[in-house]
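Computed over heavy atoms, backbone and side chain alike; hydrogens, waters and symmetry mates excluded.
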Amino acid sequence: MGFPLNIIISIIMTSFISYIIYRIYGKQHFIFKYMVGIGILYILFLLSFSLFPTMAQNETGLNIVRNGIMAFYFFIFVPFFGTVLYFLVKKIFYTNWKPKGAGYLILIVTTFFTIVVFIIGLYVFVYSFYGFAP
């Protein structure tokens, strides 16, 4: 993905995830501050390799870009999916709108679905920001 587009997409993505975390926890919670900080670092990481394309032209630079994008995926989405699962568990087990057996079933199915989305999301994330480069 080229220079202006990858920065715009990363700003939109990190803003959306930070907004969801903000709506769940509030502005003063450490996870919100963590997500904003990681989002800014991710945008700076992409910006540095977009402004200096000669750094990303050799094999070492490509490895740094690929590994950096994969690391930022884990830095961004592990807390996000953990927060979503925590919010789901809190909604299921601390309200009395479902029987407990159905709550455990919903939790198991949702956890499995979240793990599958997390694994598939890694490849989508890397291909969208790194491309099909070697």
Can you tell me how far apart CG (Leu46) and CD1 (Ile8) are? Round to the nearest 0.5 Å.
12.5 Å
Count I, L, V, M, F, W, Y as connected when their side-chain heavy atoms are under 4.5 Å apart, and connections chain through other members. Are Val116 and Leu105 then in the same cluster?
no
Phe45 meets the side-chain contact (heavy atoms from CB on, under 4.5 Å) criterion, sequence neighbours left out, with Phe49, Ile69, Phe72
Quick one: does Ser10's side chain have a donor or acceptor within less than 3.5 Å of a partner on Ile7's backbone?
yes
Which atom pairs, one a donor and one an acceptor, fall under 3.5 Å between side chains of residues 20-43 and the rest of the protein, sequence neighbours left out?
residue: His29; atom: ND1; partner: Ile31; partner atom: N; Å: 3.3
residue: Tyr34; atom: OH; partner: Phe75; partner atom: O; Å: 3.0

Kindly work out whether a path of hydrophobic side-chain contacts (I/L/V/M/F/W/Y, heavy atoms less than 4.5 Å apart) joins Phe118 to Ile108.
no
Beyond-backbone contact of Thr111 with Ile115, side-chain heavy atoms, under 4.5 angstrom:
yes
Residues two or more places apart in sequence or in another chain: which of them pass side-chain contact (heavy atoms from CB on, under 4.5 Å) with Val124?
Ile120
With a cut-off of 6.0 Å (strictly less than), are more than 12 heavy atoms of other residues, nucleotides or ligands near CE of Met13?
yes
Measure the spacing between CZ of Phe77 and OG1 of Thr114 and express it to the nearest 0.5 Å.
13.0 Å
Could you walk me through whether Tyr73 and Val78 satisfy the side chain to side chain contact (heavy atoms under 4.5 Å, CB included) test, starting with their C-alpha distance in whole Å, then the side-chain angles of each, then the deciding distance to 0.1 Å, before giving a yes or no?
CA-CA 8 Å; Tyr73 176 79; Val78 167; over 6 Å; no
Using the rule that Ile, Leu, Val, Met, Phe, Trp and Tyr join whenever any side-chain heavy atoms are under 4.5 Å apart, tell me whether Val109 and Tyr86 fall into a single cluster.
no
One should read off an interatomic distance between Leu88 CG and Leu107 CG, to the nearest 0.5 angstrom, of 6.5 Å
